[in-house]
Amino acid sequence: MNKDEKFEEVVSNALEREREFELPHDFADRVLLKIQQHAVEKEAKRDKWWLIAGIISMLGACVFAITRVEFKPGVGVYTFFQGYWGLVIFGILFVSALHIIDKTILRKQESG
Amino acid sequence: MLQGINLFFRAATFSGPHVSNDLMTDDKALVSRVLDGDMTAFRGLIKKHERLVSHMVGRLVKQEEDREELCQDVFMKVYEKLGEFAFQSQLSTWIATIAYRHAINHLRKKKIVITDFPEEIAIPEENIAEDQDIENYLQKLIELLPPQYKIVLTLYHMEQKNYAEIGEITGMPEGTVKNYLFRARQLLKDKAKKYLGNEELT
């Protein structure tokens with residue numbers, strides 16, 4: 001083997017030498033996991049779009065129905081409370097007080 | 001001389017788009033199983049081609065932290081597009097094409113300038129530290145070559161791809177592939193000669 005052939009061999013050996021970069025032994029499993037996650041994300045995204053489409057359709061149907069039946073908005077049964085503002089305020093305060101008692105005293109005792 | 005004969009023999013053997021029928025049949029069976037939803041088959045496909053993809057991405061992308069993710073993205077793309085693969089080439093060639101495009105896009109995103117078909121090979125040798133081992137020195141030189149030269153060398157020497165297949169993967173004409181291979185090898189040989197001087201190789 002002359003010098004030139006030896007240089008050729010050195011170059012070929014360098015070119016055929018395995019690279020230091022190696023993929024982890026569980027690389028295939030990681031890819032499969034990523035594909036699975038991607039599929040779940042894609043499905044979630046699709047569900048979200050269906051939900052948005054559903055809400056828009058429902059609102060559209062609502063507007064259509066209102067215009068068709070010439071619905072006029074009004075307070076209806078709540079006109080009864082017009083003469084009883086004191087009762088309404090008492091009701092709100094009473095319910096709020098019950099909530100506060102429930103959260104601060106009763107639930108504390110249960111957890112204790 | 002022997003190496004030259006070897007290269008000539010390989011070039012002659014692989015002078016056309018030659019695809020082994022056995023390989024094609026294996027690939028067809030594997031692809032068909034994957035398309036039927038068999039994830040074990042896809043795992044097998046990854047195992048079979050991960051070395052090829054890691055060689056290509058590893059050669060083109062320097063950032064250690066990006067390499068594995070890029071390899072994963074390549075196989076995700078393969079999974080997505082597998083239904084479009086028409087067996088006009090070997091499966092490995094098709095996967096290599098995806099890996100090459102993916103790696104080049106990554107380099108472009110990182111603002112690394114890639115000339116389409118660089119004619120000149122400029123190696124900033126001042127970046128190379130002195131090394132006692134000639135193979136290490138040549139490895140460092142290869143790292144400094146333009147991406148197209150690196151990938152042609154990798155596909156030819158490590159993956160045993162022929163000129164037509166390398167052309168298909170990189171989008172280069174066959175003549176350019178031959179030219180790049182010859183010039184890159186010649187440059188490395190000259191550098192090796194210069195590096196070793198008149199020292200006798202053992």
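Computation of the quantities below employed the complete heavy-atom set of this structure, encompassing side-chain atoms and omitting hydrogens, waters and symmetry-equivalent molecules. So you know, we letter chains A, B, ... as the sequences are listed, proteins then strands, and number each from 1.
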- prompt: Taking all non-hydrogen atoms of both residues, which atom of Met76(B) and which atom of Ile35(A) are closest, and how far apart?
  reply: CG-CG1, 4.1 Å

query: Does a side-chain heavy-atom distance below 4.5 Å link Gln72(B) with Phe27(A)?
result: yes

N/O donor-acceptor pair under 3.5 Å between Glu68(B) side chain and Leu23(A) backbone: no

field: pair Met158(B)-Leu15(A): side-chain heavy atoms closer than 4.5 Å
entry: no

CD-NZ distance between Glu69(B) and Lys34(A), expressed to the nearest 0.5 angstrom: 4.5 Å

field: Atom CZ of Arg101(B) with >12 non-hydrogen neighbours under 6.0 angstrom
entry: no

field: Atom NZ of Lys47(B) with >12 non-hydrogen neighbours under 6.0 angstrom
entry: yes

field: Winner by heavy-atom pair count (cut-off under 4.5 Å) against chain A, out of Met39(B), Glu50(B), Glu80(B)
entry: Glu50(B)

message: Within this structure, what is the OG1-CD distance for the pair Thr154(B) and Glu16(A), rounded to the nearest 0.5 Å?
response: 11.0 Å

message: Please determine whether the number of non-hydrogen atoms from other residues, nucleotides or ligands lying under 6.0 Å from atom NZ of Lys77(B) exceeds 12.
response: no

message: Which one wins on heavy-atom pair count under 4.5 Å against chain B: His38(A), Arg30(A), Gln36(A)?
response: Arg30(A)

task: Starting from the C-alpha separation in whole Å, work towards a yes-or-no answer on side-chain contact (heavy atoms from CB on, under 4.5 Å) for Asn13(A) and Leu138(B).
output: CA-CA 10 Å; Asn13(A) 287 344; Leu138(B) 289 176; over 6 Å; no

